[in-house]
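Lettering follows sequence order; numbering is per chain, from 1.
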2 protein chains.
Amino acid sequence: MPRQVDYEGRRRRIADAVCALIAHSGMEAVSLRDVATQAGVSMGAVQRCFRTKEDMLLFALEHISQHVSDRANQRIAATSTPQAASTLLSHTLAELALLDETSKTQAHVWLAFVAHAPASEKLAAVLHDTYAKLHDLIAWIIRYGQDTQDFPRTLDPDREAHMLLALADGLTVHVLAGHHSPATALTTLQRHIDHLLEDASRRC
Amino acid sequence: MPRQVDYEGRRRRIADAVCALIAHSGMEAVSLRDVATQAGVSMGAVQRCFRTKEDMLLFALEHISQHVSDRANQRIAATSTPQAASTLLSHTLAELALLDETSKTQAHVWLAFVAHAPASEKLAAVLHDTYAKLHDLIAWIIRYGQDTQDFPRTLDPDREAHMLLALADGLTVHVLAGHHSPATALTTLQRHIDHLLEDASRRC
DNA sequence: CACGTTCTGATGCGCTTGCATCGTATCCTG
DNA sequence: CAGGATACGATGCAAGCGCATCAGAACGTG
């Protein structure tokens, strides 16, 4: 047999390079040569990992989708120590909104893919799937909160998940566009959640 | 004198062509040649109207920003027949969210520019300004509603404007990403506004 | 009607792009 | 250690890019 190479690892490295380039100078600045340089490999290596440029971009999107989903899921899995459902909800959403400085890159990339989706059927499919997963995740948390009596039963989990996810995404966009700071966005998010629980419980 | 040309009109035509191209196949598919073809003029004409490609993109963004702002402002100006502030608010936001099929193109373009903003200082500035204007607009409507006693005084106009605008943007993203339909998004938006007014007034 | 000015569309240039090719270096197997 | 399969990276290639150039068409003016 010939020599073995850690393809999966390299694919990830390349995906990271793609994301870095997109975050820094937009999607149309991504060329195979620049990606190779950024990833510290030769152009040939990039071509061996991905048959075409579109394959590469698709992998990068799946890579970052996975990354975001995983972080949110970990947040839930780590709830071995009993945690109030409301805290769980707000923390998860705050993470999904990609507000902290570390996530800014991912937010850029995510948005770039959303903007580019109409041009690629496959990209759109990945985005759709990811959104569906995130929606289910939020709805699950809300139901969990209702089970533990933290959230009022009057809430419709699906509708509220819908609403919260849209709010989180909107805040992400606003922060990226420089319309306001991550801190302000976080406050707005928290305020809405508080408002939601408080009013709904008062209604009973 | 030599012959006269309606430059402003042509610039708009070219801007429309840019937007059509962006909406159809993304920002990186915009080339001077394609724009010229789409606008039905020669490449030379495009180059006479805009010194560089970036100038052209900038103008297209300003063009579409103006378009969106104008529509929202018209909505207010047309309120000669007395209109409930809540209706005004929801209609304005629905328009800003670019949910109807006609606005889908504009939504694509807007998002493409947001995604591309980090790569261009000037684009970012235009986006920032536009968002500030829209924020003020929504806050104004809320204050107006408070003056006409339609909205409770307990609402903080700036905070709620912040929240509503983010929600509208998030819904725009979700519709574009195919996560749900314009109709659903509209319902979610309306539900939040109702919820807001209802709960706030109950609090008194 | 002829002049002078402005506008036009085609062409050229230098460069970059995505992708294909190919000799060489590298590693596992028998 | 020899052999063969694989990965590598440099190079080539056609196409497309943004932008500059320029001869001629188109027009208002004297």
Name all residues meeting the side chain to side chain donor-acceptor pair (under 3.5 Å) criterion together with B:H67; count only those two or more places apart in sequence or in a different chain, and write none if there are none. none
What residue among A:D129, A:T92, A:L96 forms side-chain contact (heavy atoms from CB on, under 4.5 Å) with A:L134? A:L96
Among A:T188, A:T187, A:D194, side chain to side chain donor-acceptor pair (under 3.5 Å) partner for A:Q190: A:D194
Specify the closest pair of heavy atoms between A:A29 and A:D34, including all atoms of both residues, with the distance to one decimal. O-OD2, 3.6 Å
Taking only the side-chain nitrogens and oxygens of B:S31, find out if one of them lies under 4.0 Å from OP1 or OP2 of D:dC17. yes
Rounded to whole angstroms, how far apart are CD on A:E8 and C1' on D:dA7? 17 Å
For B:L21 and D:dG16, what is the distance between atoms CG and C1' respectively, to the nearest whole Å? 15 Å
Got a donor-acceptor contact below 3.5 angstrom from the A:T52 side chain to the A:D55 backbone? yes
Between A:H162 and B:H180: side-chain donor-acceptor atoms closer than 3.5 Å: yes
Apply salt bridge (Lys or Arg N to Asp or Glu O under 4.0 Å) to residues B:R191 and A:E160 and explain how you reach the verdict. CA-CA 10 Å; B:R191 235 172 54 88; A:E160 297 304 336; 3.0 Å; yes
Ignoring hydrogens and geometry beyond distance, is a side-chain donor-acceptor pair present between A:Q74 and A:D70 at under 3.5 Å? no
Hey, can you pull the residues of residues 48-64 of chain B with a non-hydrogen atom under 4.0 angstrom from DNA chain C? B:R48
Rounded interatomic separation in angstrom, taking CZ from B:R10 and P from C:dT6: 16 Å
Under 4.0 angstrom, heavy atoms only, what part of the nucleic acid is B:V35 near: base, sugar-phosphate, or nothing? nothing
What is the distance, rounded to the nearest whole Å, between atom CG of B:L32 and atom C1' of D:dA20? 12 Å
Residues from residues 38-47 of chain B lying under 4.0 Å of DNA chain D - heavy atoms: B:M43, B:Q47
Polar contact flag, side-chain donor to acceptor under 3.5 angstrom, B:T172-B:D169: no
Roughly, in whole Å, what's the span from CG in A:D34 to C1' in D:dC17? 15 Å
Any donor-acceptor pair under 3.5 Å between the side chain of B:R33 and the base of D:dG16? no
